[in-house]
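What you are looking at is a predicted structure, and each value in this text was computed from that prediction instead of being measured.
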Amino acid sequence: MDDHTVEPPDVWRDRLPAKYQDTGPRIVRAPLKEMTFLGGKFAPVMGSPGDEGPIGDWWVYEDLHRPLTRLDTAVGYDRDEIRLEVITYEQMRPGSYDVPQRLADMDINHVQSALCFPTFPRFCGQTFTEAKDRELGLLGVKAYNDWMVEEWCGPAARGRLIPLTLIPLWDAELAAEEVRRNAARGVRAVAFSEIPPHLGLPSVHTDAWDPFLAACDETGTVIAMHIGSSSRMPSTSADAPPAVGSTITFANCCFSMVDWLMSGKFERFPNLKVMYAEGQIGWIPYILERADVVWEENRGWGGVADKVHRPPSELFAEHVYGCFFDDAFGLKNLDAVGVGNVLYETDYPHSDSTWPKSKEVGEAQMGHLAPDVVERIVRGNAIELLGLTEDGLWPRGGAG
């Protein structure tokens with residue numbers, strides 16, 4: 001349940017009022033001046049026309065200049081050929097941004113349906129939260145959601161692409177309105193930050209998010225959190241190479257899950273469901289064991305006795321879903337995670353993606369499991385969680 005879309009150039013150009021054409025998100029082709037990715041921080045600098053340097057397509061929005069990179073869409077390239085470099089739309093696999101081509105690539109990979117996180121807005125729309133103009137930011141969020149529902153997941157997708165929408169993170173009341181607006185047209189998943197304080201936002205231990213959480217609880221909207229949706233990937237030092245962060249990406253999900261389990265929110269909002277994309281699952285059993293011990297032995301001074309009245313592992317079983325695409329260890333310990341709490345993903349078109357061999361990877365890692373268990377992991381759990389048809393399709397997505 002984790003793929004990605006690279007937004008076509010016209011998503012905002014076609015949907016924003018004319019007065020925002022020069023400040024709203026738009027594509028500019030320009031040279032790269034310099035680009036680094038150290039200590040979990042991505043820092044590109046766009047050159048001026050006529051400057052030397054590789055040419056790429058850049059999203060420009062207010063003062064933001066964000067290039068398309070090979071890491072955004074790496075499928076189809078040999079692993080050793082994947083570099084941190086700028087690219088144009090012509091240099092990426094068309095399935096990254098084109099619906100018919102995406103469905104064709106899903107067929108190659110034996111994938112029935114996919115839920116896709118954003119690229120330019122970043123994984124929970126924090127690009128719009130960081131912008132200066134709040135009116136434009138809200139219009140940008142709504143424009144993305146309209147494109148996601150009406151075009152990316154529209155009739156051409158035949159129900160195979162499952163909508164994931166954004167919220168204006170800076171206002172929980174507006175966020176609740178947007179959840180309800182999209183739920184009314186069949187959307188069952190919304191992106192959120194795994195660690196909001198990293199974005200300068202309140203934590204889930206406050207009541208600041210309650211209007212948003214209430215809307216999700218009432219509409220059956222799943223809160224989907226992708227690694228890095230706090231705009232800060234885990235790392236160890238300012239000069240640590242990307243390989244360090246790539247190895248420990250699950251840590252953000254780990255920290256976030258403990259936040260939610262100890263927040264009391266699952267008891268206040270009993271229908272709430274959260275899922276972690278690209279977090280893998282092998283780490284979950286120990287964290288649940290430790291959380292239960294802390295809850296049992298330390299809750300008197302640990303600040304949770306008055307709001308968490310059940311063991312965290314029980315709350316996890318009812319409210320939390322882990323997603324994985326390559327986790328043989330986690331599958332060997334599936335009983336300690338929970339058969340009903342696991343979803344399979346492919347991470348197309350990123351460099352970690354198992355495309356076009358997700359079926360082979362899954363068969364190799366799930367070969368020891370009973371067929372009915374495999375069916376739940378690769379289909380059944382997602383169908384139940386996201387309200388899909390028995391065929392695994394989004395019901396509002398057109399004839400399949």
Side-chain angles (χ1 to χ4, degrees), residues 115 117-118 121-146 148-149 162-226 229-231 252-253 255-277 303-304 306-310 315-316 318-321 385-387:
L115 178 144
F117 283 83
R122 308 216 298 283
F123 296 147
C124 67
Q126 59 266 56
T127 293
F128 296 110
T129 299
E130 295 167 357
K132 300 181 183 72
D133 188 331
R134 289 289 192 232
E135 179 183 0
L136 174 56
L138 181 59
L139 289 172
V141 167
K142 290 184 174 182
Y144 177 87
N145 291 341
D146 292 344
M148 168 62 61
V149 174
I162 306 163
L164 172 69
T165 52
L166 306 177
I167 56 170
L169 290 162
W170 60 90
D171 188 316
E173 294 286 356
L174 289 177
E177 291 178 13
E178 191 62 10
V179 166
R180 292 190 173 96
R181 182 176 83 96
N182 291 307
R185 47 184 177 174
V187 176
R188 288 286 300 274
V190 63
F192 190 63
S193 174
E194 83 272 65
I195 309 177
H198 286 347
L199 301 177
L201 300 170
S203 78
V204 297
H205 300 290
T206 71
D207 60 3
W209 295 107
D210 285 4
F212 164 66
L213 300 182
C216 293
D217 181 79
E218 294 164 13
T219 61
T221 300
V222 179
I223 297 176
M225 293 172 281
H226 194 286
S229 54
S230 60
S231 295
N252 278 6
C253 295
F255 298 161
S256 174
M257 191 179 81
V258 176
D259 255 349
W260 282 90
L261 293 176
M262 299 299 189
S263 70
K265 299 302 184 185
F266 293 140
E267 295 188 61
R268 290 193 57 205
F269 303 100
N271 298 315
L272 208 58
K273 308 285 187 183
V274 304
M275 59 170 275
Y276 289 101
V304 296
D306 62 338
K307 58 183 178 180
V308 182
H309 304 105
R310 299 167 56 199
L315 298 173
F316 171 89
E318 295 176 7
H319 298 275
V320 183
Y321 294 77
L385 178 64
L386 296 170

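Taking each heavy atom of P202 and T206 in turn, the nearest pair found is CB-OG1, 3.6 Å. The heavy-atom pair separating F117 from A224 by the smallest distance is CZ-CB, 3.9 Å. Taking every heavy atom of both residues into account, P211 and A208 meet most closely at CD-O, 3.6 Å. Between S229 and C124, the shortest heavy-atom distance links the atoms O-SG, 3.2 Å. Closest approach of R134 and F128 over heavy atoms only: NH1-O, 4.0 Å. Minimum heavy-atom separation, C216 to V190: SG-CG1, 4.0 Å.
M225 is listed as a side-chain neighbour of S256, based on a closest heavy-atom distance under 4.5 Å. Residues R310 and E318 are in side-chain contact: their nearest non-hydrogen atoms beyond the backbone lie under 4.5 Å apart. Proximity of Y276 to N252: side-chain heavy atoms (C-beta onward) are nowhere separated by under 4.5 Å. Side chains of L166 and P118 form a contact here, defined as non-hydrogen atoms less than 4.5 Å apart. Annotation: side chain of L386 is in contact with side chain of L115 (closest heavy-atom distance under 4.5 Å). Taking 4.5 Å as the limit, some side-chain heavy atom of I223 sits within range of a side-chain heavy atom of L213. Looking at heavy atoms from C-beta onward, L315 lies out of side-chain contact with W260 at the 4.5 angstrom threshold.
Under the side-chain hydrogen bond (donor to acceptor under 3.5 Å, both in side chains) criterion, the residue pairs touching residues 263-272 are D210-K265, D210-R268, E267-H309, with sequence neighbours excluded. Sorted by first and then second residue, the side-chain hydrogen bond (donor to acceptor under 3.5 Å, both in side chains) pairs involving residues 217-226 (not counting sequence neighbours) are D2-H226, H4-H226, R180-E218, T219-T221, H226-E278.
Applying the ring-ring contact (aromatic ring centres under 6.0 Å, His included) rule to H205 yields no partners; only residues at least two apart in sequence or on another chain are considered. Residues satisfying the side-chain hydrogen bond (donor to acceptor under 3.5 Å, both in side chains) criterion with T165, sequence neighbours excluded, are absent altogether. Taking F316 as the reference, nothing meets the ring-ring contact (aromatic ring centres under 6.0 Å, His included) condition, with sequence neighbours excluded. For E194, the salt bridge (charged side-chain N to carboxylate O under 4.0 Å, His left out) criterion is met by no residue, not counting sequence neighbours. Checked against ring-ring contact (aromatic ring centres under 6.0 Å, His included), F212 has the following partners two or more places apart in sequence or in another chain: F192. With sequence neighbours excluded, no residue forms a salt bridge (charged side-chain N to carboxylate O under 4.0 Å, His left out) with E177. Checked against side-chain contact (heavy atoms from CB on, under 4.5 Å), R181 has the following partners two or more places apart in sequence or in another chain: K142, N145, D146, E178, R185.
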Can you give the donor-acceptor pairs under 3.5 Å from side chains of residues 167-174 to other protein atoms, not counting sequence neighbours?
from : atom 1 : to   : atom 2 : distance (Å)
D171 : OD1    : E173 : N      : 2.9
D171 : OD1    : L174 : N      : 3.0

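The distance from atom CD of E130 to atom CZ of R122, rounded to the nearest 0.5 Å, is 4.0 Å.
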